[in-house]
Amino acid sequence: MKYTLAIHGAPYASQSAQHGIGFAEALLRQEHTIERIFFFHEGVYQALSTRVTPQGEEDLMPKWLSLNARGIELAVCIASGIKRGVINEEERLRYEKISTSLAAPFTLVGLGQLISAINEADRYIEFPV
Amino acid sequence: MKYTLAIHGAPYASQSAQHGIGFAEALLRQEHTIERIFFFHEGVYQALSTRVTPQGEEDLMPKWLSLNARGIELAVCIASGIKRGVINEEERLRYEKISTSLAAPFTLVGLGQLISAINEADRYIEFPV
Amino acid sequence: MSLHLVFNSAGYKACQLRRLNDDPIILLGDGVYCASSTREDNTYLLEIDARVRGIASLNKEANLIDYPAMVALTELYSPVVSWAE
Amino acid sequence: MSLHLVFNSAGYKACQLRRLNDDPIILLGDGVYCASSTREDNTYLLEIDARVRGIASLNKEANLIDYPAMVALTELYSPVVSWAE
Amino acid sequence: MKKMLFVVSQPPYVNTHNAELLEAAMVGAVFEGEVSILFRDDGVWSLLPDQHGELIGQKTFSKMLSALPTYEVNQIFACTASIATRDLTIAPSPEIEQLTLEQQTQLIAAQDVVIGAQR
Amino acid sequence: MKKMLFVVSQPPYVNTHNAELLEAAMVGAVFEGEVSILFRDDGVWSLLPDQHGELIGQKTFSKMLSALPTYEVNQIFACTASIATRDLTIAPSPEIEQLTLEQQTQLIAAQDVVIGAQR
């Protein structure tokens, strides 16, 4: 089956990432496909490039990267993202900010990409918190 | 009287900033002093330099800057901050990140600065959400 | 005496169980939705939050206050306790 | 039939009011704290979340599942509804 | 196209989740999805008249709601019990159909996807 | 130095607030504040034995709690009603004094500051 997943919570404020990653890895092991992982609301903070994981705690960024390396699109809602401070080079130039903050394999996309991913998939699963 | 304020919520996920700023401005109009404003938990996201306020909505960053211009220290909990991705130049170098993300007048400080600000103040007021 | 800042309905419940009857309460943020649960003299609503939500016009007898009045209350009481759940 | 993912106790309440009795529920995150409220056959606990919190050893008869089993449930039911408040 | 139910279960203004969710619902309608919206529990506070988001520099949620029919989102529901518990008189526009808990169960069961869980 | 009460009202693990709050309490004690901690409502889930934060790459909260006496934080309280409602058997260490609601009212009134409100 084809799945679309949504992540609504920030790292350290929610278990969204653990749940989303655990579920996505199980999907791939069972030979399902993932149309897209969509980061919405505070979920956009998952894509911040400047996070530093404390010693002795698990860094979830490599797990997102590994999902991406297996062909999974990591799509950050652009409206939710830029107002919270998750911007790519294009938005940095447009709004004259000093630096970018979106980690490399994540992309900023419109809400249309959430709806089209939902339409393409057999299942839509949300990890809100 | 001397006040210490704490901000626990992120922009767009809470009214922490509106409440903290509204209260702080009223304090200064009434000739109270503010020992320190401490950003804790998700409150550290207030200090992200890359935020872009949507058109027609209020940008709170200039209000934080204006409080700072009137001598108020904007202190971001370093432990809460760097794990969530709010880093200054020193931390950027230490952890080999591509860019900084802490807006200029905010500073990263240890939890000792929360406790000492509480000790110096007559009142401690928390804006959690 | 303590002053209680209540930020939502679950916080209101937790606060009501643990405050002295005479302690004043300020309802702010989503706490203003609790305005109808109370008619006590020592309960205040932050006016801007009540007006934003369409709550002010429903509670015409409520004690609406602004930030300066909130500051004045924090001068009079200690500790100031925030409740949000 | 729907499958319900319950992430905390307020979500559990909202879900229980609106689900069909036969719809299965997966408790995950803080939802695992609701394990003792139920002994139904069609209620599952995400084992890792229950073990993290010290809940697994208190609910020895619970249906503990892992992520692959959770995936299998999502194959069987639609829509999959998340509840968190 | 999918049958999509957007669920609003939290009050507006303390965060911008409700506004973000409504934008997603509008995009769903633009993409010709069969979109409906359900307000339940503290989400029904969103239906009060006389809201003024501009006072805190935000969009006024009730105005966004009134724009829904323009996007051809016409299936707007609210939980009767949630409204009654809070003793609310909801705004006259947009038109909202109140549902019992049983009707909400049926509404959910009839969907392809349900969107909008939040804290 | 101030009398500081740290209040834990939420469960651990879904976020790191409880751990962050406990670190603040330890720093308070290091600075020779008169520190006490109160667990109430869903915060009492923090007191369960047999926690395993390492399974999701986090610190185990119950282990952090056991370290509190090392920091000379010895006044650890919990709400009797909150524990009873949830039918909990709490971990044997650290030593925790259970308080009625009235005792919690007095505890709060005796403080200079109360810290730890969160969602």
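None of these values were measured; they are calculated from a predicted model.
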Colleague: Roughly how far, to the nearest 0.5 Å, is CD of Gln18(B) from CG of Leu46(C)?
Modeller: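 It is 11.0 Å, given to the nearest 0.5 Å.
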
Colleague: Given a strict heavy-atom distance threshold of 4.5 Å, which part of His8(B) is in contact with chain C: side chain, backbone, both, or neither?
Modeller: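 Contact with chain C: none, neither part.
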
Colleague: Which atom pair, heavy atoms only, marks the closest approach of Val44(B) to Val76(B)?
Modeller: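 Heavy atoms of Val44(B) and Val76(B) come nearest at CG1-CG1, 3.6 Å.
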
Colleague: Side chain from CB out, backbone as N, CA, C, O: work out which of these in Asp66(C) comes under 4.5 Å of a heavy atom of chain B, or both, or neither.
Modeller: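 Contact with chain B involves no heavy atom of Asp66(C) at all.
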
Colleague: Is chain B contacted by the side chain of Leu3(C), its backbone, both, or neither, given a heavy-atom distance below 4.5 Å?
Modeller: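 The answer is neither part of Leu3(C).
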
Colleague: Below 4.5 Å from any heavy atom of chain C, which atoms of Phe127(B) appear? Answer side chain, backbone, both or neither.
Modeller: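 Looking at Phe127(B), backbone and side chain both touch chain C.
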
Colleague: In terms of heavy-atom pairs under 4.5 Å with chain C, which of Gln30(B), His19(B), Met1(B), Arg29(B) leads?
Modeller: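 Sorted descending by pairs with chain C, the first entry is His19(B).
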
Colleague: Of the options Ile21(B), Leu67(B), Thr4(B), which is the one that meets Ile37(B) in a side-chain contact (heavy atoms from CB on, under 4.5 Å)?
Modeller: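 Checked Ile21(B), Leu67(B), Thr4(B) against Ile37(B); only one passes side-chain contact (heavy atoms from CB on, under 4.5 Å): Leu67(B).
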
Colleague: With a 4.5 angstrom heavy-atom cut-off, could you sort out which part of Glu126(B) is near chain C: side chain, backbone, both or neither?
Modeller: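 Both the backbone and the side chain of Glu126(B) come within 4.5 Å of chain C.
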
Colleague: Specify which of Val80(C), Val81(C), Asp49(C) makes the most heavy-atom pairs with chain B at under 4.5 Å.
Modeller: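 Maximum pair count with chain B is reached by Asp49(C).
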
Colleague: Are Arg123(B) and Glu75(C) within salt-bridge range, i.e. N to O under 4.0 Å?
Modeller: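 Salt bridge absent between Arg123(B) and Glu75(C).
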
Colleague: One thing to verify: whether Arg51(B) and Asp59(B) come together as a salt bridge, which I'm taking to mean a side-chain N less than 4.0 angstrom from a carboxylate O.
Modeller: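 No, this pair does not count.
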
Colleague: Answer yes or no: does atom CZ of Arg36(B) have more than 12 heavy-atom neighbours from other residues, nucleotides or ligands under 6.0 Å?
Modeller: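 Count over threshold, so yes.
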
